[in-house]
2 protein chains.
Amino acid sequence: MRLLIADDHGLVRDALSSHIERQAPGAIVVGAASVDEAVALLRQEKLIDLLILDLRMPGMNGLDGLQRVRTEFPALKVALMSGLARPDEIRGAFARGAVGFLPKTLSATELLSAIQTMLSGERFIPADLNTADTADGASFTRREREVLDYLLQGRSNKEIARSLELEEVTVKLHVRGICRKLGAKNRTQAVMRAVEMGIAS
Amino acid sequence: MRLLIADDHGLVRDALSSHIERQAPGAIVVGAASVDEAVALLRQEKLIDLLILDLRMPGMNGLDGLQRVRTEFPALKVALMSGLARPDEIRGAFARGAVGFLPKTLSATELLSAIQTMLSGERFIPADLNTADTADGASFTRREREVLDYLLQGRSNKEIARSLELEEVTVKLHVRGICRKLGAKNRTQAVMRAVEMGIAS
DNA sequence: TATTGGTCTATCCTTTTGGATAGAGCAACC
DNA sequence: GGTTGCTCTATCCAAAAGGATAGACCAATA
């Protein structure tokens, strides 16, 4: 069994792989710190049985990273992993062909059995998805999330519009939505709120 | 060596403990899913050498959780762990007597040596914090600092002018100065820069 | 089927920000 | 004395941001 774990936290990556390799003798676990790195590894190493993708990491950009991987490697089993996920992201993940969704609240033994499940061809859907949905506080829509990412870089509405291929008015619309949900008076305050709330990750 | 890891992600908890226990024979690692649980465990189990606290978890509420633990168990070594932390949180952690700060970008071997360091009585301060912290130290004038404080609250020029008893033009002047010194295009970017550089008090 | 929620766009409008340029008071320093 | 740096203010102007309201599309859902 060969796994590729893509997570930008080296600690999580190392700890997971060492745990899995101990619990499942013969398992080989490779790590990647970004989607790009994962794709590069997949291109030269065709023998991966399962890719575990962290939802919030460089290159993911919502579910775009998953899409990318699925397009280039349609036969590869891909599972998403996340500490905090919105229901639409989870549904979107399955809609894009993911074979499982792993909340980080899973225990390590549950993780192992989930991996076994997925490797055997089943989908793994954690039981507590229905209940653990709304841990978020401020729930952003997909677009708002994207816009927020740019806000956090101090981009102007015009720049954001160009990047996302939208009109500037539309970006303003989303910015207002973000401010409303964060209880902020303006974009700068929204950015600070996001940082304070740890949304900026 | 006895560790208590408090993290609400069971996966992280289990993986870390299994990794540590394998790499450091004789180590005992206990897990807790919240600050409350950690405190409860500490009350009945006095033999913990080091507590590792996740910064973002139930009961932490900023650094309140750390404060609580430090007050009740002043002799206990406590390290904070976080995927993404603001420099002021890191400084605050040390100010409250933490013996270390562990970014999740650490590799697992680095983590182990960090733990050894802390158990031996040293403080562990990751290298990339030192550099980021003291880097350049963009020298602000007294007024610029004051204005920056308000910027970090997302205040408008008009509000800042009222608070500091200045004309709005003058505030603009200082805002421009701040942006120039931080290499920012606008106030929002300046705020993010300030946060990243740890200027945010 | 009707409704809801997310999305995108448009047209107005006001306020805020950012930038340029210029003058003046004040304290520290060579 | 002269210079330098920080401070404050003023008057312009252009660009950006923020806000209101309205119409439209689509997918999921009741």
Side-chain angles (χ1 to χ4, degrees), chain A residues 61-64 67 85-97 125 129-130 133-134 136 138-194, chain B residues 137-194 199:
Chain A
N61 189 25
L63 291 170
D64 291 355
Q67 187 76 66
R86 296 193 314 273
D88 63 297
E89 288 176 320
I90 298 172
R91 275 200 298 275
F94 284 112
R96 284 171 179 74
I125 303 167
L129 270 195
N130 292 322
D133 274 351
T134 49
D136 220 330
S139 70
F140 295 108
T141 66
R142 194 185 103 259
R143 271 309 202 202
E144 287 171 345
R145 248 274 147 216
E146 290 174 347
V147 171
L148 179 56
D149 284 342
Y150 286 97
L151 274 192
L152 288 165
Q153 295 168 32
R155 306 309 196 83
S156 73
N157 292 337
K158 194 175 292 186
E159 290 174 318
I160 300 174
R162 219 186 3 254
S163 298
L164 294 179
E165 293 183 309
L166 294 176
E167 289 306 310
E168 198 178 329
V169 243
T170 311
V171 176
K172 284 184 180 184
L173 180 78
H174 293 308
V175 170
R176 251 181 300 154
I178 292 168
C179 286
R180 196 165 21 78
K181 288 182 181 176
L182 288 175
K185 267 188 55 192
N186 53 49
R187 55 176 55 213
T188 307
Q189 216 165 77
V191 158
M192 281 308 285
R193 279 271 204 291
Chain B
S139 67
F140 294 110
T141 66
R142 195 187 102 258
R143 271 311 202 200
E144 285 171 345
R145 259 239 67 102
E146 289 175 346
V147 171
L148 179 56
D149 284 341
Y150 286 98
L151 274 192
L152 288 164
Q153 297 168 32
R155 306 311 196 81
S156 73
N157 291 339
K158 193 175 295 187
E159 289 174 319
I160 300 173
R162 216 184 10 249
S163 298
L164 294 178
E165 294 183 307
L166 293 176
E167 290 306 309
E168 198 179 329
V169 245
T170 311
V171 175
K172 284 185 179 185
L173 181 77
H174 294 308
V175 170
R176 252 182 300 153
I178 292 168
C179 286
R180 194 165 23 78
K181 289 182 179 174
L182 288 175
K185 267 187 54 191
N186 53 48
R187 55 177 55 213
T188 307
Q189 214 167 78
V191 159
M192 281 308 285
R193 277 270 205 293
I199 303 172

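Model, not experiment: these values are computed from the prediction. Scope of the values below: all heavy atoms of this structure, side chains included, with no hydrogens, waters or symmetry mates. Each chain gets a letter, A, B and so on, in the order its sequence line appears, and its residues count up from 1.
- Interatomic distance, B:H174 NE2 to B:T141 OG1, rounded to the nearest 0.5 Å: 6.5 Å.
- A sub-4.0 Å separation between OP1 or OP2 of D:dT9 and a side-chain N or O of B:T170 is present.
- For D:dA16, neither phosphate oxygen OP1 nor OP2 lies less than 4.0 angstrom from any side-chain nitrogen or oxygen of A:N157.
- With C:dG18, D:dG18, D:dA10 as the candidates, the nucleotide lying closest to the side chain of B:V175 is C:dG18.
- When the P atom of D:dA14 is taken as reference, atom NZ of B:K185 falls 19 Å away, rounded to whole Å.
- Of the residues near DNA chain D, A:R176 and A:K158, the one whose nearest nucleotide (by heavy atom distance) lies more toward the 5' end is A:K158.
- Atom CG of B:L173 is separated from atom P of D:dT11 by 16 Å (rounded to the nearest Å).
- Across B:E146 and B:Y150, no two heavy atoms sit closer than the pair O-CD1, 3.2 Å.
- Note: NZ (B:K172) to P (C:dT17) measures 8 Å, nearest angstrom.
- Going from atom CG of A:N186 over to atom P of C:dT17 covers 7 Å, rounded to whole Å.
- Atom NZ of A:K181 and atom C1' of C:dG5 are 10 Å apart (whole Å).
- Side-chain nitrogen and oxygen atoms of B:R143 include at least one within less than 4.0 Å of the OP1 or OP2 phosphate oxygen of D:dC8.
- In this structure, B:R187 atom CZ and C:dG19 atom C1' are separated by 14 Å, rounded to whole Å.
- The nearest whole Å value for the distance from the CD atom in B:E159 to the P atom in C:dT17 is 8 Å.
- Checking the phosphate oxygens (OP1, OP2) of D:dT7, a side-chain nitrogen or oxygen of B:T141 falls inside 4.0 Å.
- Contact of the A:I178 side chain with the A:R193 side chain is not registered, since no non-hydrogen atoms from C-beta on lie closer than 4.5 Å.
- For B:R187 against B:V175, the heavy-atom pair with the smallest separation is NH2-CG2, 4.0 Å.
- Across all their heavy atoms, A:L152 and A:A194 have their closest contact at CD2-CB, 4.2 Å.
- Counting to the nearest Å, the C1' atom of D:dT9 and the CD atom of B:E168 are 13 Å from each other.
- Applying the 4.0 Å criterion to OP1 and OP2 of D:dC6, one finds that B:H174 has every side-chain N and O outside that range.
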